[in-house]
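Numbered from 1 within each chain, the chains take letters A, B, ... in sequence-line order. What you are looking at is a predicted structure, and each value in this text was computed from that prediction instead of being measured.
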Protein chains: 2
Amino acid sequence: MAKAAGVSRQTVSRALNDLGEISPGTRARVMDAVAALGYRPNMFARGMKTRRSDVVGLVVSDIANPFYPSVARGVFDAARERGWNVVIYNTDADRDREAAALVDLVDRGAQGAVGFFYALPEEELAGFAASLPLVVADRRLTNPALSVVSADFVGGTETAVDYLVSGGHREIGMLDSGVGLAVDERRDAFVEAMARHGLDASASVVVGSPDLAGGAAATRALLAERPGTTAVFGFNDLMALGAVRALRELGVAVPGGCAVIGFDDLEFSQYADPPLTTIHSDKHEHGVLLVRTLDDLRPDGKGGAAAPIRISMPVRLVRRTSA
Amino acid sequence: MAKAAGVSRQTVSRALNDLGEISPGTRARVMDAVAALGYRPNMFARGMKTRRSDVVGLVVSDIANPFYPSVARGVFDAARERGWNVVIYNTDADRDREAAALVDLVDRGAQGAVGFFYALPEEELAGFAASLPLVVADRRLTNPALSVVSADFVGGTETAVDYLVSGGHREIGMLDSGVGLAVDERRDAFVEAMARHGLDASASVVVGSPDLAGGAAATRALLAERPGTTAVFGFNDLMALGAVRALRELGVAVPGGCAVIGFDDLEFSQYADPPLTTIHSDKHEHGVLLVRTLDDLRPDGKGGAAAPIRISMPVRLVRRTSA
DNA sequence: GTGAAAGCGCTAACAC
DNA sequence: GTGTTAGCGCTTTCAC
């Protein structure tokens, strides 16, 4: 026991946990002893009483998709400021795994959970939000118990479509992500943006996995069905890059024969051939905001049932040469 | 208590932990009750006795560097097979943070730690290996208490140099990573490989941060010092890509004016302009092997002091058009 | 094959 | 401002 070293017993506890009722001198003495003996409080015993641990959960569908590491970096940086460790859950957008991640996090007494949930229905998420602070990323939610931090996909989609249309394109296709059930949000944004220009794009949306291969496959499907397509808008940069690849294999030049525009602006996209025109979002800031929003949830007691926080992060067009 | 549901008390414990001394019937009844009541064992209480938790730690220097997520994906997949969660530590190659990660992991009673340690000296790593199963990635280590799974950097470097030399290059520069203290390993491999061709490259190695910007900066420095350079070998694909960018800004064509070759073969590298010639390694498998090696460490009791495991993963040249 | 008792190392509540 | 007591929910002996 550190008791032997200093003088007291769980005065140590008082010192370590910064409870007011302790004299500066005693506290200093304890801290010295702690440092000298290399004492480490047992996190299990502590958790047993407090039912909390200094951990925050980050839920993503595929850590190998470079989009997520970028926001993860923001989550790490923000977590570090708070003295939290971060446990990451890779769900592959599977409903059970998304749920399992959340269950584990409440078991752990985590400080909160943030992440991308593509499969869990809104009501279930709301249920979890009652057990721990939860902030959902990139999803349109209506349940008042849920807080969200999303890139402005609707605005970004409008920007992309406007840009393409202003470039003379009318036969524009969209490569949508086929994972989870959140699909419609983005598809709707696209169809809507097209409708503003008097264009009916409801039949020009084709889905695929949100990665390079999925983008390529979706592009082939799109062109087979609508050979007149002169521009494609990707759900993300990965799909857009896959489109470029597929287009070339089909013998169509980019952007000459068909323009391509992405979403996210991965660091790499500017190095692509051709450099990808895309909708930029600040991924690091997204991660930071996700955990910062956790702070705002806490004071209320539980999951912010009172006033859900809904943050929309601005995005902007980055013109390069693919469109 | 689940006791009320079933019949007994910590017969529940026996059932849950699969201890032999229990009748199949009782066990089934308990499991049913557990499922019905949605009972979740308290991990803190359990950890208090066992001093273990089903967690594995992954230590990386920068999760936003796309190399790490690729191996992380392998770590996740392997961890999932074992029912482990993974907590990731982002160290920025800082010695204290590398140590803090390991300290936290032993506090947590983690099943093990794997990762990239660039700053912690070998002896300190060995110290930690006595407290938990530890597998170090991509580093040449001599301490018998330490196990390692590394991509074959020496072999890959030879391959790259041989390839460049066979292409007629003699003035070859290397862009080395400036993080951590493991620098010399790779630099040495390069100088050595060059020496085999009778080339003295000791003055052609320039360091930078192991990312796009670092590669660009290092390249500018290299060319300023050795204008005759006709080929550069990057520590990783990121630096190589940065080199391509810098070269172009300097008005030198790639590979016409200067060839570039990378290391790792990130998924993106084939989409780069020009597609990057590089040394390929199986990053997913690297992650899988890292945690699999943890299994091999466990039986021995502690950190495998008896027989250190040293795995070298094969790499191969992928010819594209940058070199 | 199953129950009973002890104790892991903390923090909270209360006495001093 | 500091010491004492109790108990968090498990797993581990040890009886039976």
Side-chain angles (χ1 to χ4, degrees), chain A residues 1-55 83-85 103-111 131-132 301, chain B residues 1-55 83-85 103-111 131-132 298:
Chain A
M1 288 305 134
K3 159 198 279 185
V7 268
S8 45
R9 161 78 173 98
Q10 80 311 354
T11 302
V12 174
S13 181
R14 280 192 257 264
L16 260 37
N17 293 287
D18 239 337
L19 275 343
E21 311 159 334
I22 189 173
S23 75
T26 310
R27 187 181 138 80
R29 212 151 8 105
V30 172
M31 294 311 248
D32 284 353
V34 164
L37 274 64
Y39 167 78
R40 315 234 79 234
N42 180 309
M43 61 167 354
F44 294 114
R46 175 175 286 182
M48 197 146 168
K49 288 268 11 155
T50 65
R51 308 192 145 289
R52 312 238 116 268
S53 67
D54 287 340
V55 156
W84 299 346
N85 283 121
V103 167
D104 185 67
L105 253 4
V106 342
D107 282 358
R108 287 205 130 68
Q111 299 290 331
S131 307
L132 90 170
Chain B
M1 287 306 132
K3 159 198 281 186
V7 269
S8 44
R9 160 74 173 102
Q10 79 309 0
T11 302
V12 173
S13 180
R14 279 191 258 263
L16 260 36
N17 293 288
D18 241 336
L19 276 342
E21 311 159 336
I22 188 173
S23 75
T26 310
R27 186 180 140 81
R29 212 154 5 106
V30 172
M31 293 311 248
D32 284 352
V34 164
L37 276 62
Y39 167 78
R40 316 233 78 233
N42 180 309
M43 63 168 350
F44 294 115
R46 174 175 289 182
M48 196 147 170
K49 289 283 347 170
T50 64
R51 306 191 149 289
R52 312 237 115 266
S53 66
D54 287 338
V55 157
W84 299 345
N85 283 120
V103 167
D104 186 67
L105 253 4
V106 342
D107 282 357
R108 289 206 128 67
Q111 299 291 330
S131 306
L132 89 172
R298 191 166 310 294

Undergrad: Strictly distance-based, threshold 3.5 Å: is any side-chain N or O of B:Gln111 a donor or acceptor partner for the main-chain N or O of B:Trp84?
TA: no
Undergrad: Go through the structure and list residues passing side-chain contact (heavy atoms from CB on, under 4.5 Å) with B:Asp32, not counting sequence neighbours.
TA: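 By the side-chain contact (heavy atoms from CB on, under 4.5 Å) rule, B:Asp32 matches no residue at all.
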Undergrad: Rounded to whole angstrom units, what separation is found between the CZ atom of B:Phe44 and the P atom of C:dG7?
TA: 24 Å
Undergrad: Could you state the atom-to-atom distance from CG of B:Asn42 to P of C:dC10 in whole Å?
TA: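 It is 16 Å, rounded to the nearest whole Å.
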Undergrad: Just to verify, what does B:Asp107 make a side chain to side chain donor-acceptor pair (under 3.5 Å) with, not counting sequence neighbours?
TA: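 Partners of B:Asp107 under the side chain to side chain donor-acceptor pair (under 3.5 Å) test: A:Arg40.
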Undergrad: Has A:Arg51 got a side-chain N or O lying under 4.0 Å from the OP1 or OP2 atom of D:dG9?
TA: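 For A:Arg51, the contact criterion (side-chain N or O under 4.0 Å from OP1 or OP2 of D:dG9) is met.
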Undergrad: What distance separates A:Tyr39 OH from A:Leu16 CG, expressed to the nearest 0.5 Å?
TA: 6.5 Å
Undergrad: Please report the distance, rounded to the nearest Å, between NZ in A:Lys49 and P in D:dG7.
TA: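 Roughly 9 Å, once rounded to whole Å.
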Undergrad: Round to the nearest Å and state the distance from A:Leu16 atom CG to C:dG9 atom C1'.
TA: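 Taking atom C1' of C:dG9 as the reference, CG of A:Leu16 is at 13 Å.
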Undergrad: What is the distance from CG of A:Asp107 to P of D:dC10, rounded to the nearest Å?
TA: 11 Å
Undergrad: Taking the minimum atom-to-atom distance to the side chain of A:Ser23, which one of D:dG9, C:dC10, D:dG1 wins?
TA: D:dG1
Undergrad: To the nearest 10 degrees, what angle separates the axes at the start and end of the helix from C:dG1-D:dC16 to C:dC16-D:dG1, five pairs each?
TA: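 For the helix from C:dG1-D:dC16 to C:dC16-D:dG1, the axes at either end differ by 30°.
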Undergrad: In whole angstrom, what separates A:Met48's CE from C:dA12's P?
TA: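 Interatomic distance, CE of A:Met48 to P of C:dA12: 14 Å.
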Undergrad: For B:Arg46 and C:dG9, give me the distance from atom CZ to atom P, rounded to whole Å.
TA: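 Value for this atom pair: 18 Å.
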Undergrad: Mind checking what makes side chain to side chain donor-acceptor pair (under 3.5 Å) contact with A:Arg51, not counting sequence neighbours?
TA: none
Undergrad: Counting just side-chain N and O atoms, does A:Thr11 come under 4.0 Å of either OP1 or OP2 of D:dG3?
TA: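 For A:Thr11, the contact criterion (side-chain N or O under 4.0 Å from OP1 or OP2 of D:dG3) is met.
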Undergrad: Could you list the residues that satisfy salt bridge (Lys or Arg N to Asp or Glu O under 4.0 Å) with A:Arg52, not counting sequence neighbours?
TA: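 If we apply the salt bridge (Lys or Arg N to Asp or Glu O under 4.0 Å) test to A:Arg52, skipping adjacent residues, there are no hits.
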Undergrad: Looking at B:Tyr39, I'd like to know whether one of its side-chain N or O atoms comes within less than 4.0 Å of OP1 or OP2 on D:dC10.
TA: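 Indeed, a polar side-chain atom of B:Tyr39 lies that close.
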Undergrad: Does B:Arg46 have any salt bridge (Lys or Arg N to Asp or Glu O under 4.0 Å) partners at least two apart in sequence or in another chain, and if so, which?
TA: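 Result, salt bridge (Lys or Arg N to Asp or Glu O under 4.0 Å) vs B:Arg46: none returned.
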Undergrad: Is there a side-chain polar atom (N or O) of B:Arg14 under 4.0 Å from OP1 or OP2 of C:dG3?
TA: no
Undergrad: Taking 4.0 Å as the cut-off, does a side-chain nitrogen or oxygen of A:Ser13 come that near to OP1 or OP2 on C:dC10?
TA: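 Indeed not, no polar side-chain atom of A:Ser13 lies that close.
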Undergrad: Would you kindly give the CE-to-C1' distance between B:Met43 and D:dC8, to the nearest whole Å?
TA: 15 Å
